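Presented below is the structure to which this report refers.
Note that these values count all heavy atoms, side chains included, but never hydrogens, waters or copies made by symmetry. Remember, predicted model here, so these are calculated numbers, not experimental data.
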Amino acid sequence: MNAVSHRAPAEEAAAILRGLGVDLADYTATGRAVHSPIDASRIGSVREMTAADAKAAIGRASSAFLEWRLVPAPRRGELVRRLGDVLRANKAPLARLVTLEAGKILSEGAGEVQEMIDICDFAVGLSRQLYGLTIATERPMHRMMETWHPLGVVGVISAFNFPVAVWAWNAALALVCGNPVVWKPSEKTPLTALAVRALFAQAAAGFAEAPAGLLELVTGGAEAGAALVADPRVKLVSATGSTAMGRAVAPVLAARFARALLELGGNNGAIVRPSADLDLVTRAVAFAAMGTAGQRCTTLRRLFVHGEVYDALLPRLIKAYQTVRIGDPRDESTLVGPLIDAAAADAMDKAVDEARALGATVHGGEPVGRGAGTYVRPAIVEMPSQAGPMLRETFAPILYVLRVDSLAEAIALHNAVGAGLSSSIFTQDMREAETFLSAAGSDCGIANVNIGPSGAEIGGAFGGEKETGGGRESGSDSWRAYMRRATNTLNYGDALPLAQGVSFDIG
């Protein structure tokens, strides 16, 4: 690891939180301790909210909805524009806090806050584009149209790996669509949520149309989250986490006919064809598989390499894995920071051991300075077949590599897992690229050509199929999830013709 002197994470986090306007009592509360993955030290503590606390927060948000839904959408967009400006002004300290609490390297922490700014910009433009349709009607002197209205309270349950960006994807759209937000952050990363709440308060200060309760924050564990999911006043729950979490959340929402926007597991794959640019592949795979220490939902976990280029590509990847800088994420030269905690390392060890038992050859995967924080060298695992741990997601930097002979074989193996989030193909053959993007190709919500599966932009709807949940967040027409649709028919004549030629004359 790099030997660079830094302030203690607790000291640095406290200074940032104070500077961003967070009350001392909020990050030193009696309740749940928060630890930095950098050195496993305690950097704060937050209140352990109960189901009753969550219900009270939902009540405040419900009251806010009655006012906010009546504010014109462009004015709602103005509040989000102000939020974007506040984020711009505070990008550096908020990004640093992401690094301290989530362990992301500096550029990734900054990138996450930039993503918040980008979605605010997107949502501001959207606030003047919440279009309905004028629909052709068969009845004379009638007009039929489609209108969109605010949905209600939106619940957001976010994960540790993107502690603030995922909230922003949902909140920026929810707010311009006329909905308050109740946010349950990961219990591992609540301090960044406290900071965002304080910044939102700055944006809302002096904005006359912004009611109290527009952003509510619920910190703690499963009890508070379960209350958010079960409350009938919450009309949509956007939940990011494991497939197991989704299986618990979805039936509860379905039972009360609420909307679910689920972003769950992603056992993402990429295919390397004989025509691929191997220099490009090496760079793309390095980021996609090792970025965020393998703790992205879009992390590359399975690589299917054609036999013609397997022996040329693998040494390049092994060299990159052996030489990548691992260490304190606050160091400019670090590319791989810590795992979120020791449990993540244990899960990685278990998966690698299981692969070895199946005959795999493992390169890397060993601890690096473990003790103060959990640092591991990313692992390349050459598999004899797609089996065992390769069929499931382990949230750690493990890249399973498999030799394949044909594109058809690679696509079949790629699609033969439960998750369906993100995917890639590396090829210079247009026919292969188009096949991969066609109905006969990748079955994922995201399919890329000559870039890795990780690193989506906010302009495209983000989400996946199968066990990934089917939800879509951010760009495209994702705003529709946060609104309810009404079909309206207006009769401006003095007759009453019925559709489909129905006659019902009571005269």
Can I get a per-line list of side-chain donor-acceptor pairs under 3.5 Å for residues 156-165, giving both atom names and the distance, sequence neighbours left out?
residue: S158; atom: OG; partner: W183; partner atom: NE1; Å: 2.9
residue: N161; atom: ND2; partner: Q295; partner atom: O; Å: 3.0

Name every donor-acceptor pair, under 3.5 Å, that has one atom in a side chain of residues 126-137 and the other anywhere in the protein, sequence neighbours excluded.
residue: S127; atom: OG; partner: V124; partner atom: O; Å: 2.5
residue: Q129; atom: NE2; partner: G125; partner atom: O; Å: 2.9
residue: T137; atom: OG1; partner: R139; partner atom: N; Å: 3.2

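Side chains of L407 and T435 form a contact here, defined as non-hydrogen atoms less than 4.5 Å apart. With a 4.5 Å cut-off on side-chain heavy atoms, F462 and T298 count as touching. For the pair V417 and Q386, the minimum side-chain heavy-atom distance is below 4.5 Å. Looking at R403 and D311, their side chains come closer than 4.5 Å, going by heavy atoms from C-beta outward. Here the side chains of C120 and L87 are in contact, with some heavy-atom distance below 4.5 Å. Annotation: side chain of V285 is in contact with side chain of L399 (closest heavy-atom distance under 4.5 Å). Contact annotation: the side chain of D231 never approaches that of V153 to less than 4.5 Å [non-hydrogen atoms, C-beta and beyond]. No side-chain heavy atom of P185 sits under 4.5 Å from any side-chain heavy atom of R197.
L303 pairs with exactly one of V381, N268, I271, V272 by the side-chain contact (heavy atoms from CB on, under 4.5 Å) rule, that one being V272. Each of E409, E308, E432 was scored for a salt bridge (charged side-chain N to carboxylate O under 4.0 Å, His left out) with R273, with one residue passing: E432. When each of L106, V98, T99 is tested with P329 by the rule side-chain contact (heavy atoms from CB on, under 4.5 Å), just one qualifies, namely T99.
Applying the salt bridge (charged side-chain N to carboxylate O under 4.0 Å, His left out) test to R302 and every residue at least two apart in sequence or in another chain returns nothing. With sequence neighbours left out, F304 forms a ring-ring contact (aromatic ring centres under 6.0 Å, His included) with no residue at all. For R472, the side chain to side chain donor-acceptor pair (under 3.5 Å) test picks out E465, with sequence neighbours left out.
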(message) Show, in sequence, the C-alpha distance, side-chain angles and deciding distance for S474 and I119, and conclude whether the side-chain contact (heavy atoms from CB on, under 4.5 Å) test is met.
(response) CA-CA 7 Å; S474 191; I119 194 63; 3.6 Å; yes
(request) Apply salt bridge (Lys or Arg N to Asp or Glu O under 4.0 Å) to E434 and R431, showing your working. (result) CA-CA 5 Å; E434 291 291 349; R431 292 169 297 180; over 6 Å; no
(request) Quick one: do K91 and M116 satisfy side-chain contact (heavy atoms from CB on, under 4.5 Å)? Show the steps, please. (result) CA-CA 10 Å; K91 178 179 176 179; M116 301 175 76; over 6 Å; no
(message) Evaluate D279 against R283 for salt bridge (Lys or Arg N to Asp or Glu O under 4.0 Å), listing each step before the verdict.
(response) CA-CA 6 Å; D279 287 337; R283 295 195 305 272; 5.5 Å; no
(request) Walk me through it: do V154 and L261 pass the test side-chain contact (heavy atoms from CB on, under 4.5 Å)? (result) CA-CA 10 Å; V154 171; L261 204 168; over 6 Å; no
(request) Start with the C-alpha gap between T240 and E473, add the side-chain angles, then the distance that decides, and say whether side-chain contact (heavy atoms from CB on, under 4.5 Å) holds. (result) CA-CA 11 Å; T240 302; E473 294 170 325; 4.2 Å; yes
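Judged by distance alone, the side chain of S36 and the main-chain N or O of L100 form a donor-acceptor pair under 3.5 Å. At distances below 3.5 Å, at least one donor-acceptor pair connects side-chain atoms of T468 with backbone N or O atoms of G265. A donor-acceptor pair is defined here as one N or O able to donate and one able to accept, closer than 3.5 Å; such a pair exists between the side chain of R301 and the backbone of A396. K104 places no side-chain N or O within 3.5 Å of a backbone atom of G111 that could act as its donor or acceptor partner. Side chain of T489 to main chain of M145: no donor-acceptor pair is present (N/O by atom type, distance under 3.5 Å, no hydrogens or angles). Without hydrogens or angle criteria, S476 side chain to A461 main chain gives no donor-acceptor distance under 3.5 Å. Without hydrogens or angle criteria, D429 side chain to T427 main chain gives no donor-acceptor distance under 3.5 Å. Distance alone, capped at 3.5 Å, is enough to place a donor-acceptor pair between the N179 side chain and the G152 backbone. Side chain of T334 to main chain of D328: a donor-acceptor pair is present (N/O by atom type, distance under 3.5 Å, no hydrogens or angles). Not one N or O on the side chain of D341 forms a donor-acceptor pair closer than 3.5 Å with the backbone of P37.
Put simply, CD1 on I380 and OG1 on T361 are 11.5 Å apart, with the number rounded to the nearest 0.5 Å. The line from CE of M245 to CG of L264 is 5.5 Å long, rounded to the nearest 0.5 Å. Taken from CG in D121 to CD1 in I458, the straight-line distance is 8.0 Å, to the nearest 0.5 Å. Rounded to the nearest 0.5 Å, atoms CG (L83) and CD1 (I117) are 9.5 Å apart. In this structure, CG in L97 is found 10.0 Å from OG1 in T189, a value given to the nearest 0.5 Å. Here the CD atom belonging to E382 is positioned 13.5 Å from the OH atom belonging to Y400, to the nearest 0.5 angstrom.
When all heavy atoms of V305 and Y310 are compared, the closest pair comes out as CG1-CA, 3.6 Å. The shortest non-hydrogen separation linking L262 to A250 is CD1-CB, 4.0 Å. Among all heavy-atom pairs drawn from A351 and P389, the shortest one is O-CG, 3.5 Å. Between P378 and V324, the closest heavy-atom pair is CD-CG1, 4.5 Å. Contact detail for M290 and A320: the closest heavy-atom pair is CE-O, 4.3 Å. Across all non-hydrogen atoms, the minimal contact from S424 to G452 is OG-C, 3.0 Å.
Defined by atom type and a distance below 3.5 Å, a donor-acceptor pair is missing between the side-chain atoms of Q428 and D277. A side-chain donor from one of N170 and Y482 sits under 3.5 Å from a side-chain acceptor of the other.
Electrostatic pairing of K184 and E187 counts as a salt bridge here, judged by a charged N lying under 4.0 Å from a carboxylate O. With respect to K350 and D346, no salt bridge is recorded, no charged nitrogen being found less than 4.0 Å from a carboxylate O. Taking a cutoff of 4.0 Å between a charged side-chain nitrogen and a carboxylate oxygen, R356 and D353 qualify as a salt bridge.
Residues in residues 244-265 take part in these side chain to side chain donor-acceptor pair (under 3.5 Å) pairs, two or more places apart or across chains: R247-E467.
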